[in-house]
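Scroll down for the structure; my scribbles are underneath it.
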Amino acid sequence: MRQNIVAGNWKMNNTLEEGITLAKEVNAILVANKPNCKVVLGTPFIHITEAVKAVDSSVVGIAAQNCADKVSGAYTGEISAAMVKSTGAQYVILGHSERRAYYGETNASLKEKTDLALANDLTPIFCIGEVLEEREAEKHFDVVKTQIEEALFHLSADAFSKVVLAYEPVWAIGTGKTASPEQAQEIHAFIRQTLADKYGAEVADNTSILYGGSCKASNAKELFSNPDVDGGLIGGASLKAEDFHGIIAAF
Ligand code: 13P
């Protein structure tokens, strides 16, 4: 059966020292209060090696927030999937809407990144989601379906079964405006049906689909109680250990 997961995405926040302090705080809380879900911290690249050492890996996993779409070579400033793997990280967030919007990531480049992540035994936390105009035009179902089809549906069922999805409506990210539990359930169920149509019910049932976008302790329980919402990808509320734990405790 699929895993419930609460993953933090620190984005471009925290110096090395601040980040390791936060990782240690989260770890201490969770070692004392064993979570009922998998917990992941998505840190900046430079934090990963130290963050891996700072946490108990049976309780907290570490994710990179991106990896390159090339294997290695003359790509100044890029970090490959193999490099991420060599740090001890187990996950990589791919296709976040901020990377799509500000750094030109496309479904085609994300297809390459996903292949490289899987080839290096990293679990992709693959982000999809529509912008406000698409939601208002009722195109959100088509948008997420195309994102999934173009970046992921070349995968075999076996490869796809290693992917975690995160539905993050762009209009809910960092805005304080969350999708309603009904909106989240509706589109998560649609995403799961899309997976079932391609890979069959078993793969679809076993895929974790997280919700992201202004998720916090006060709304997490309502969102996560939906049958097709298997946890969250958390931005702002992952930057303070107590706030993040409030979300984890929703499970
Ligand atoms: P917020 O939780 O700050 O809205 O960010 C969500 C997000 O983008 C996680 O990847």
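Computed from heavy atoms alone, side chains included, the values below leave out hydrogens, waters and symmetry copies. Remember, it's 1-based here, ligands and their atoms both numbered in the order they're listed.
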Quiz item: Checking ring-ring contact (aromatic ring centres under 6.0 Å, His included) for the pair Tyr199/Phe153: CA distance, chi angles, key distance, verdict?
Solution: CA-CA 9 Å; Tyr199 292 115; Phe153 273 5; 5.4 Å; yes
Quiz item: Is the shortest side-chain N to carboxylate O distance from Asp243 to Lys216 below 4.0 Å?
Solution: no
Quiz item: Between Arg192 and Asp228, is the closest basic N to carboxylate O distance under 4.0 Å?
Solution: yes
Quiz item: Which ligand 1 atoms are under 4.0 Å away from a heavy-atom of Gly213?
Solution: 4 (O), 6 (C)
Quiz prompt | atom 7 (C) of ligand 1 [closest protein heavy-atom partner, distance rounded to 0.1 Å] | solution = Glu168 OE2, 3.1 Å
Quiz item: Any N or O of Gly236 that comes nearer than 3.5 Å to an N or O of ligand 1?
Solution: yes
Quiz item: Between the side chains of His154 and Asp115, is a donor N or O closer than 3.5 angstrom to an acceptor N or O?
Solution: yes
Quiz item: Sequence neighbours excluded, which residues qualify as salt bridge (charged side-chain N to carboxylate O under 4.0 Å, His left out) partners of Asp197?
Solution: none
Self-check item: Residue portion contacting ligand 1 (non-hydrogen atoms closer than 4.0 Å) for Leu233
Solution: both
Self-check item: Donor-acceptor under 3.5 Å (Arg100 side chain, Gly95 main chain)
Solution: yes
Quiz item: Under a 4.0 Å heavy-atom limit, does Ala237 contact ligand 1 with its side chain, its backbone, both, or neither?
Solution: neither
Quiz item: Going by heavy atoms, is Lys11 under 4.0 Å from ligand 1?
Solution: yes
Quiz item: Around Glu149, counting heavy atoms of other residues, nucleotides and ligands shown, do more than 12 lie under 6.0 Å from its CD?
Solution: yes
Exercise. Pick one of side chain, backbone, both or neither for how His96 approaches ligand 1, counting any non-hydrogen atom pair under 4.0 Å.
Key: side chain
Quiz item: Hey, does Glu98 come in under 3.5 Å of ligand 1, counting only N/O atoms on both sides?
Solution: no
Exercise. For Ser214, take its heavy atoms, then give the atoms of ligand 1 lying under 4.0 Å from any of them.
Key: 1 (P), 2 (O), 4 (O)
Quiz prompt | Close approach of Ala172 to ligand 1, heavy atoms, under 4.0 angstrom | solution = yes
Self-check item: Close N or O approach (Gly235, ligand 1; < 3.5 Å)
Solution: yes
Quiz item: Taking 4.0 angstrom as the limit, do Glu112 and Lys70 come out as a salt bridge?
Solution: no
